[in-house]
Number of protein chains: 2
Amino acid sequence: MQVSGGDLQRLRQLNSLGSIRALREASGPLTVSELAARTGLSRNSVIDVITGLHECGWIAEVEPAPGGMGRPAKRYRFRADAGHVLGIDIGVHKVLAVITDLAGRTVSSGRVAVDPHAARPERLEAVWRAVDAALVASGLSGTDLWGVAVGSIGVVNREGTVTRVESLPDWPGVDLAGHLGQRLSCPITVENDSKLAALAEQRLGVAAGVSDLVYLHAGRRSGAALILGGRLHHGFGGATGEVGLMEMTGWRTMATDLENSPAARDAPPEDAARVVFTAARAGDPAALAAVDAYAHHLALGTAAMVLTLDPELVVLGGGFSRSADVLLPALRRALEPHCLRVPDIRPSTLGEECAALGAACLALTHVDEHFFSPDGSISRPSAPRRLV
Amino acid sequence: MQVSGGDLQRLRQLNSLGSIRALREASGPLTVSELAARTGLSRNSVIDVITGLHECGWIAEVEPAPGGMGRPAKRYRFRADAGHVLGIDIGVHKVLAVITDLAGRTVSSGRVAVDPHAARPERLEAVWRAVDAALVASGLSGTDLWGVAVGSIGVVNREGTVTRVESLPDWPGVDLAGHLGQRLSCPITVENDSKLAALAEQRLGVAAGVSDLVYLHAGRRSGAALILGGRLHHGFGGATGEVGLMEMTGWRTMATDLENSPAARDAPPEDAARVVFTAARAGDPAALAAVDAYAHHLALGTAAMVLTLDPELVVLGGGFSRSADVLLPALRRALEPHCLRVPDIRPSTLGEECAALGAACLALTHVDEHFFSPDGSISRPSAPRRLV
DNA sequence: TGACTATCTATGGACTCCACCATAAGTCGG
DNA sequence: CCGACTTATGGTGGAGTCCATAGATAGTCA
């Protein structure tokens, strides 16, 4: 429990924040009475608070609802369009940039394919192209952005430096915050892509509201991320969910083993997994064996995390989650002998944009700091001028 | 971030809580000016707040400090002696009860040895004897207690029921809260003993202030517990830290393997481990091999948790931690090949009372709810009358 | 048109925090 | 021993915030 307390102005701040939060989380606009009920304040105080917020431009008045008894009540909504944030996902094959409003709704996006063997400068250039595409599509400029978060493969430490990558030899040490800071003047956060995908699923996707979950990235790369106590668990050096590094789990080779299965029928590597899953769906014995072997190894690493954390939910994400109808039952069977209680397992719902959306969610966490100026008064919605 | 806000009375509550917290966490008594600096309030407001707290009996005035310039300032301290809590650790061989004041300082304790094969009623009877001994030693009666927490071996679920035990066949399903509630009328919490030991080390012991840590119980039984984000991680069904259930770690047999080592020289089982560690300390090759084998298995499970969570610290607790000078370097060596970064490893400092002290810490978490009556005004220190 | 309902607006009161100033109670130097 | 200095105390008044209450307002419904 965090005790804040303080000034009378601070009390007003807290009540303003409570009202903003209620409006943000509500499904539609709210009347004064509804707000009073949700915040626990009296009618009168709510009016004081919202007139302040209204004058500054944080909330907008909406047409009264038609029908109903009594005098029609004014309705207010949070002005999610008052600002925007940018989420970027830098993958091996692509860069994806997503711009959302303050409610996390996608406004525009830009996608740029990248050669898996592209060198660092080329990849960084692709980042700008994806960002510019998203900016153009939204009609915004870089100075309109309130916050940016970037997802990268590899281990990202507390300072935002990429410290360890398997797939991209020249990627470790890249200064993403510095690179983006050349043209963007808002706060920039760097985080691992699987962690951001987990965050997106917890905020917007299949794990909405779940406070303890394990996110599995099952694809040509394998990884995991954790949400614990409702918050992304970053770890001391950012190296969480790296249970696949234990040789006994077989995570290092399980994806290529699947692709090299005879059931892949010499399909190109990027299609092999899909072919195997399709064959398994049709009942092909070799494909079923390959999927079971993959699920067995995935379950070993997953069991280690489940036995450690006893989460409420496991989310199956990554490219292979498109074949969840085949993979998920196999994974559940493979987990059974290892776990005391097999947690609920659900496939990811957000698809390819997952990590970029998670990045936007992370960037939004800084928005709360925009509501008040340093002197304690309510400030007007505006993008930050300088880097924090 | 938890937004509270509310009434003016609520603001006073928050400021009172802040002052109480500052006084509790301070090393000695504080003057009004010092309190003003720590809480961020003005002198005047602090005086208002503490006169209220003083009148109700939550804080006491202390002799002014001798020496120093200017008019001597009144000094105040938190009245930790205003109430007491009880922590109980029910082990296989013993029951330990500890009574602490509101600052967590031990006031008295009671210890009762129990036959490892004792049946449930006998063990529950031993609990009362330990509790009564602690009560007598402190001069308190059961109605003076503000809260009780009990640590038990086995998995304890969210409702406080013991769901799974390996060592005691008739223990699962025992209703500890109900049993203690027959004679105690304060809130009663039940938790796993290793979790409580972890909590004690984080609050009072070697892990003071560390927010992410793994606690290892290394002894004749093997277990683990987690502190994540500064809070005890309970898990969905209470089954966290159960990584030893994976056969490949060897946790199930590693302790008996150590005791059956030739280096134990036919010592009785309860002494065997100590004999082996002593021999290893002297350089005996067979003992060193046995310790290395034990450390190897312990490291397998630990690595799974470390790779999952990337904690700041690993605390080595349990009976074997008395031989940390031998075991800890072996554990560190065995972890090296598995981890990206071997975290800091420190031996437990609280010894046998660890779990009981942790229980008292857990019971203390409910004390904050005693400061104010339901109507919002400051209440007088008093033990709760009825079960919550 | 009138009864009913729910909201809006205005007034006054209670409470909390804060700035300011005079006073009290020590120490230090002569 | 006495006065200057330092620091804490206590009292007063002002500003800000929340709340209760009462009357005015704007719809629906019969």
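Sequence lines set the chain letters: A, B, ... in the order given, protein chains first and strands last, and positions in each chain run from 1.
Using modelled atom types, one finds no donor on one side chain facing an acceptor on the other under 3.5 Å when comparing B:Q9 with B:R12.
When every heavy atom of A:L35 is checked against every heavy atom of A:A22, the shortest pair comes out as CD2-CB, 3.8 Å.
When side chains are defined from C-beta on, B:I47 counts as touching B:V32, because their heavy atoms get closer than 4.5 Å. Side chains of A:C361 and A:L204 form a contact here, defined as non-hydrogen atoms less than 4.5 Å apart. Put simply, the side chain of B:L313 does not reach to within 4.5 Å of the side chain of B:E201, judged on heavy atoms.
The phosphate of D:dG10 (OP1 or OP2) has a side-chain N or O of B:K74 nearer than 4.0 angstrom.
A:E63 places its CD atom 18 Å from the P atom of C:dT7, with the value rounded to the nearest Å. Rounding to whole angstrom units, CZ of residue A:R75 and C1' of C:dC8 are separated by 17 Å.
A side chain to side chain contact (heavy atoms under 4.5 Å, CB included) with A:L145 is found for one member of A:L86, A:I188, A:V85 and no other, namely A:L86.
Residues satisfying the ring pair (Phe, Tyr, Trp, His ring centres under 6.0 Å) criterion with B:H234, sequence neighbours excluded, are absent altogether. Listed by chain and number, the residues in a side chain to side chain contact (heavy atoms under 4.5 Å, CB included) with B:S33 are B:T31, B:R43 (sequence neighbours excluded).
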Going 5' to 3' through nucleotides 11-20 of chain D and flagging B where a protein heavy-atom sits under 4.0 Å of the base, S where only the sugar-phosphate is that close, and - otherwise, we get BB---BBSBB

Footprint string (nucleotides 21-30 of chain C, 5' to 3'): B base within contact, S backbone only, - free, heavy atoms under 4.0 Å | ---BBSSS--

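Residue contacts shown for A:I47 include a base, since a base heavy atom lies under 4.0 Å away.
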Would you tabulate the side-chain donor-acceptor contacts of residues 63-78 of chain B under 3.5 Å, counting partners in other chains and residues two or more places apart, or write 'none'?
| unit_1 | atom_1 | unit_2 | atom_2 | d |
| --- | --- | --- | --- | --- |
| B:R75 | NE | B:E63 | O | 3.0 |
| B:R75 | NH2 | B:E63 | O | 3.0 |

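Only A:V32, A:S33, listed by number, bring a heavy atom of residues 22-37 of chain A to less than 4.0 angstrom from any atom of DNA chain C.
Of the possible polar contacts, none joining the B:E312 side chain to the B:D212 backbone as a donor-acceptor pair under 3.5 Å is found.
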